Amino acid sequence: AGGIASAFYVGSVITNFFSGWVIDLFGAKKILAITSLGTGIATLLIPFASGYWMIFMLRVLAGLLAGPIFTAVTKCNYGYFSDRFRAGALGFMSAGASVGMALSSIFFTPMIASQGYKIAFIWAGAVTLIVGVIVWLVLKDQGSMLPLKNMEEVSEEDKKNSIEHILPQTIKG
């Protein structure tokens with residue numbers, strides 16, 4: 001069980017290294033929806049896997065797909081909230097992972113004990129898919145959430161704070 005739980009984080013750490021560039025390229029909404037939908041599908045496949053290594057690989061895949069979530073949520077924070085409210089909003093949004101872990105422990109531990117792990121993965125996958133659909137239907141890419149190719153739609157302040165503007169100044173000293 002420890003190896004299967006850790007497999008998720010192996011995948012997640014890998015995609016955390018480059019998820020920011022992917023989000024900048026395609027936009028926060030699209031990547032957040034894809035990560036939720038992909039993680040949900042990988043999780044739903046676990047009950048149908050045969051053997052430890054297949055489950056292990058599906059958990060790595062779920063982690064790979066979930067890796068960009070925090071970065072995408074952070075980018076959404078910049079798109080939706082002003083400087084004045086950004087820290088409070090990010091704190092609230094960041095609490096979601098901890099609340100999710102607490103709720104999953106409360107509900108899934110007895111479920112696994114009474115019905116087995118397969119039903120728990122089905123529920124977890126289904127909920128994750130629902131979140132992905134809600135993100136796709138409700139979230140609106142706006143401001144700094146937009147892909148970089150749409151930078152002309154971003155405010156002058158966002159352009160001024162973008163890496164393309166900061167990096168040359170940093171190099172020049």
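Below, each value reflects all heavy atoms present in this structure, side chains not excepted, and no hydrogens, waters or symmetry copies. Just so you know, these numbers come straight off a predicted model, no measurement behind them.
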Asks: Working to the nearest 0.5 angstrom, can you tell me the gap between I69 CD1 and I23 CD1?
Replies: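 Between I69 CD1 and I23 CD1, I get 9.5 Å after rounding to 0.5 Å.
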
Asks: Taking the side chain as everything from C-beta on, heavy atoms only, tell me whether K75 gets closer than 4.5 Å to I31.
Replies: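 Result no, sub-4.5 Å side-chain heavy-atom pair not found.
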
Asks: Which atom names give the shortest non-hydrogen contact between T15 and G67, and what distance separates them?
Replies: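 Of all heavy-atom pairs spanning T15 and G67, the closest is OG1-CA, 3.0 Å.
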
Asks: Between atom CG of L37 and atom CH2 of W136, what is the distance when rounded to the nearest 0.5 Å?
Replies: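 Rounded to the nearest 0.5 Å, the CG-CH2 separation comes out at 9.0 Å.
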
Asks: Return the OG1 to CD1 distance between T43 and I122, rounded to the nearest 0.5 Å.
Replies: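 If we round to the nearest 0.5 Å, T43:OG1 and I122:CD1 are 11.5 Å apart.
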
Asks: What pair of heavy atoms forms the shortest contact from A28 to C76, and how long is it?
Replies: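 Result for this residue pair: CB-SG, 3.9 Å.
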
Asks: Atom CD1 of I119 and atom CE of M111: how far apart are they, to the nearest 0.5 Å?
Replies: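 Between atom CD1 of I119 and atom CE of M111 there are 6.5 Å.
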
Asks: Measure across P47 and L44 and return the closest heavy-atom pair with its distance rounded to 0.1 Å.
Replies: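 Minimum heavy-atom contact is CD-O, 3.2 Å.
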
Asks: Ignoring hydrogens, what is the shortest heavy-atom contact between M145 and G79? Give both atom names and the distance.
Replies: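 Where M145 meets G79 most closely, the heavy atoms are CG-CA, 3.8 Å.
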
Asks: Give a yes or no on whether I4 and W53 share a hydrophobic cluster (residues Ile, Leu, Val, Met, Phe, Trp, Tyr; joining criterion: side-chain heavy atoms under 4.5 Å apart).
Replies: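 Yes, it is one cluster - the side chains of I4 and W53 are joined through contacts under 4.5 Å.
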
Asks: Is a side-chain donor or acceptor of Y80 paired with a backbone partner of Q142 at a separation under 3.5 angstrom?
Replies: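 It does not hold such a pair.
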
Asks: Begin from the C-alpha positions of V133 and L129 and carry the test side chain to side chain contact (heavy atoms under 4.5 Å, CB included) through to its verdict.
Replies: CA-CA 6 Å; V133 169; L129 280 174; 5.6 Å; no

Asks: Grab the two heavy atoms, one from A33 and one from G132, that are nearest each other, plus how far apart they are.
Replies: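 So the two residues come closest at CB-O, 4.0 Å.
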
Asks: Shortest non-hydrogen contact from T35 to A66?
Replies: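 Heavy-atom minimum between the residues: CB-CA, 4.5 Å.
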
Asks: Quick check: do N77 and V73 have side-chain heavy atoms less than 4.5 Å from each other?
Replies: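 A side-chain contact is absent here, since even the closest heavy-atom pair is not under 4.5 Å.
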
Asks: Under a 4.5 Å cut-off applied to non-hydrogen side-chain atoms, are L32 and K29 in contact?
Replies: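 Not in contact.
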
Asks: Can L90 be reached from F92 by stepping across I, L, V, M, F, W or Y side chains whose heavy atoms are under 4.5 Å apart?
Replies: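 Result: no, two separate clusters.
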
Asks: Measure the spacing between CG of L139 and CD1 of I134 and express it to the nearest 0.5 Å.
Replies: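 The CG atom of L139 sits 11.5 Å away from the CD1 atom of I134.
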
Asks: For residues V138 and I34: do they belong to one hydrophobic cluster (side chain heavy atoms under 4.5 Å, members Ile, Leu, Val, Met, Phe, Trp, Tyr)?
Replies: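 No; tracing contacts between hydrophobic side chains, which count when under 4.5 Å, never links both residues.
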
Asks: Do Y117 and I55 touch side chain to side chain, with heavy atoms closer than 4.5 Å?
Replies: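 A side-chain contact under 4.5 Å exists here.
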
Asks: Contact between V10 and F56 at the side-chain level, heavy atoms closer than 4.5 Å - yes or no?
Replies: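 Contact flag for V10/F56 side chains = no.
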
Asks: Should F18 and F70 be counted in the same cluster of Ile, Leu, Val, Met, Phe, Trp and Tyr side chains packed under 4.5 Å apart?
Replies: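 No; tracing contacts between hydrophobic side chains, which count when under 4.5 Å, never links both residues.
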
Asks: Would you say the side-chain atoms of S19 and T71 include a donor-acceptor pair closer than 3.5 Å?
Replies: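 Yes, because at least one side-chain N or O of S19 sits under 3.5 Å from a partner of the opposite role on T71.
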
Asks: Should L64 and L58 be regarded as members of a common hydrophobic cluster, given that ILVMFWY residues are connected when their side-chain heavy atoms come within less than 4.5 Å of each other, either directly or indirectly?
Replies: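 Linked, L64 and L58 end up in one cluster.
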
Asks: Hey, could you give me the OG1/CZ distance between T39 and R59, rounded to the nearest 0.5 Å?
Replies: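 Answer rounded to 0.5 Å: 9.5 Å.
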
Asks: Counting only heavy atoms not in F17, do more than 12 sit closer than 6.0 Å to its CZ atom?
Replies: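 For F17, atom CZ is not crowded (no more than 12 foreign heavy atoms under 6.0 Å).
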
Asks: Within the 4.5 Å heavy-atom criterion, are M93 and F81 side-chain neighbours or not?
Replies: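 Yes, at least one pair of side-chain atoms sits under 4.5 Å.
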
Asks: Between L45 and M54, is there a side-chain heavy-atom distance shorter than 4.5 Å?
Replies: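 No, side chains not in contact.
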
